[in-house]
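See structure below.
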Amino acid sequence: MFDFSIITQWFDQLLRITIGCPDWLAILIAYFQCRLGPMRVGYWGLLQVFADVLKMLIKEIFIVDKADKVLYLVAPLLVIIGSVGAFSFLPWNNGATVLDFNVGVFLLTAVSSIGVVGIFLAGWGSNNKYSVVSAMRGAVQMISYEMSLCLCLITAVILTGTMQMSGIVEAQTGPWKWLIFQGHIPALIAFFVFLIAGNAEANRGPFDMAEAESELTAGHHTEYSGMGFGFFYLAEFLNLFIIAGIAATVFLGGWVPVNIGIEAFDAVMDYIPGIVWFMGKAFFLVWILMWIKWTFPRLRIDQILKLEWKYLMPLALLNLVIMTVVVALGLYIK
């Protein structure tokens, strides 16, 4: 006779991992590390997120001795402004974009670069040698990997013929018209390079050398407390979703559904709202990035820079030239 207790135990374990960890990123972390999420606060840990937010809001904000007060206070504001500004360029659905300029890709890269200044000022203004080292690491890493990010976006612009975010998505409507299918191998290379460079740009593992808690405590935001630290923490996870959202928009069609040329299948897919498609693609890429973070060990700073300047950027440059030839010869799916 079948033992139904096995199913009960498995289901209880699944609930403890998922429901017991209301933060969806913490769910993934617990899953990848084969452990339970936070379960102490509230039933199955449902109040953990609210407790963390409340704690951060009521914690005292202090300024360390001999710190540059202006730089110290401005730094977290610049970081969150850069993240929220880039967030506003994401096209959630057809016509549901906060900022949709005809030079959207250019403005997106410009606005997101503000965060680099905030990280540098946070370390410099804290009057802490560990924070300064972290800020230097973070700034040089982010500036370096922005090169590959921009080259991958230019590759997509060449294929679609527009810098407008909504225009890039609209160029991918139709059966097998996502950029990773239209542009063949060059588009796939640009997609994977973008994900790697974006992960490094967001200071996520294994590229989180700017934090490196074993040697720099908390990195550039070591001396911050309360919502000063909260802004850095929020910006990091916003940047994670922004990178995934941009990749989903530029290379996976954004709000465009899966269309394969079969009329009945495509008609069913078209019933699903565009925002569902966008969120599904973005969160799938977030899942991939989280998988990478909790799988690979942290790289050294010299390895991080070597990966960018010796491998990723030359590959992105070569890929850009190949994509230009592909478009000039009309070898992409029209």
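Small disclaimer: the values here were computed from a predicted structure and weren't measured. The first residue of the sequence shown is numbered 1, and numbering continues consecutively from there.
Annotation for I246 and L153: closest pair CG2-CD2, 4.1 Å, computed over non-hydrogen atoms. Heavy atoms only, all atoms of each residue included: S126 and V64 are closest at O-CG2, 3.3 Å. K281 approaches L252 most closely through the heavy-atom pair NZ-O, 2.6 Å. The two atoms that bring L289 and L195 nearest to each other are CD2-O, 4.0 Å, heavy atoms only. Scanning both residues, V258 and F265, for their nearest heavy atoms gives O-CE2, 3.7 Å. Taking each heavy atom of Q172 and W178 in turn, the nearest pair found is OE1-CA, 3.5 Å.
In this structure, the side chain of N319 does not engage the main chain of I189 through any donor-acceptor pair within 3.5 Å. A donor-acceptor pair under 3.5 Å is absent between the side-chain atoms of K59 and the main chain of M227, judged by distance alone.
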>> Run F101 and F106 through ring pair (Phe, Tyr, Trp, His ring centres under 6.0 Å) and show every step you take.
In response: CA-CA 9 Å; F101 299 106; F106 174 77; over 10 Å; no
>> Run N128 and T222 through side-chain hydrogen bond (donor to acceptor under 3.5 Å, both in side chains) and show every step you take.
In response: CA-CA 8 Å; N128 182 317; T222 297; 5.4 Å; no
> Given the rule in the side-chain contact (heavy atoms from CB on, under 4.5 Å) test, do E146 and V116 qualify, once you have shown the distances and angles that lead to the verdict?
Replying inline: CA-CA 10 Å; E146 279 180 358; V116 181; 3.6 Å; yes
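Between L315 and V193 the shortest side-chain heavy-atom distance falls below 4.5 Å. The closest side-chain heavy-atom distance from I304 to Y145 is below 4.5 Å. With a 4.5 Å cut-off on side-chain heavy atoms, W255 and V276 do not count as touching. Between M136 and F120 there is a side-chain heavy-atom pair separated by less than 4.5 Å. Side chains of I80 and L238 form a contact here, defined as non-hydrogen atoms less than 4.5 Å apart. No side-chain heavy atom of V132 sits under 4.5 Å from any side-chain heavy atom of N127. Within the 4.5 Å cutoff, the side chain of W124 has no heavy atoms near those of the D68 side chain. Contact annotation: the side chain of V79 approaches that of I119 to within less than 4.5 Å [non-hydrogen atoms, C-beta and beyond].
Placement of I58 and Y233 in two distinct hydrophobic clusters is found when ILVMFWY residues are connected by side-chain heavy-atom separations under 4.5 Å, directly or transitively. Follow the hydrophobic side-chain contacts under 4.5 Å out from V321 and you never reach L149; the two are in separate clusters. Criterion: ILVMFWY side-chain heavy atoms under 4.5 Å apart, direct or through other members. Under it, L54 and F231 are not part of a common hydrophobic cluster.
By the neighbour-count criterion of 12 heavy atoms within 6.0 Å, atom CE of M147 is sparsely surrounded, having that number or fewer from other residues, nucleotides or ligands.
Rounding to the nearest 0.5 Å gives a distance of 9.0 Å between CZ of F89 and OG1 of T109. Interatomic distance, L320 CG to L151 CG, rounded to the nearest 0.5 Å: 6.0 Å. Between atom CD1 of residue I114 and atom CG of residue L77 there is a gap of 12.0 Å, rounded to the nearest 0.5 Å.
In this model, a donor atom of one side chain and an acceptor atom of the other lie less than 3.5 Å apart for S144 and W309. In this model, a donor atom of one side chain and an acceptor atom of the other lie less than 3.5 Å apart for D100 and Q164. Residues E308 and S148 bring a donor and an acceptor atom of their side chains to less than 3.5 Å of each other. Side-chain atoms of N203 and E236 include no donor-acceptor pair closer than 3.5 Å.
Below 30°, between 30° and 60°, or above 60°: for F232 and H221 the angle between ring planes is between 30° and 60°, a tilted geometry. Between W176 and F181, the two ring planes are perpendicular [angle over 60°; tilted spans 30° to 60°]. Using cut-offs of 30° and 60° for the angle between ring planes, the F278 and F241 rings count as perpendicular.
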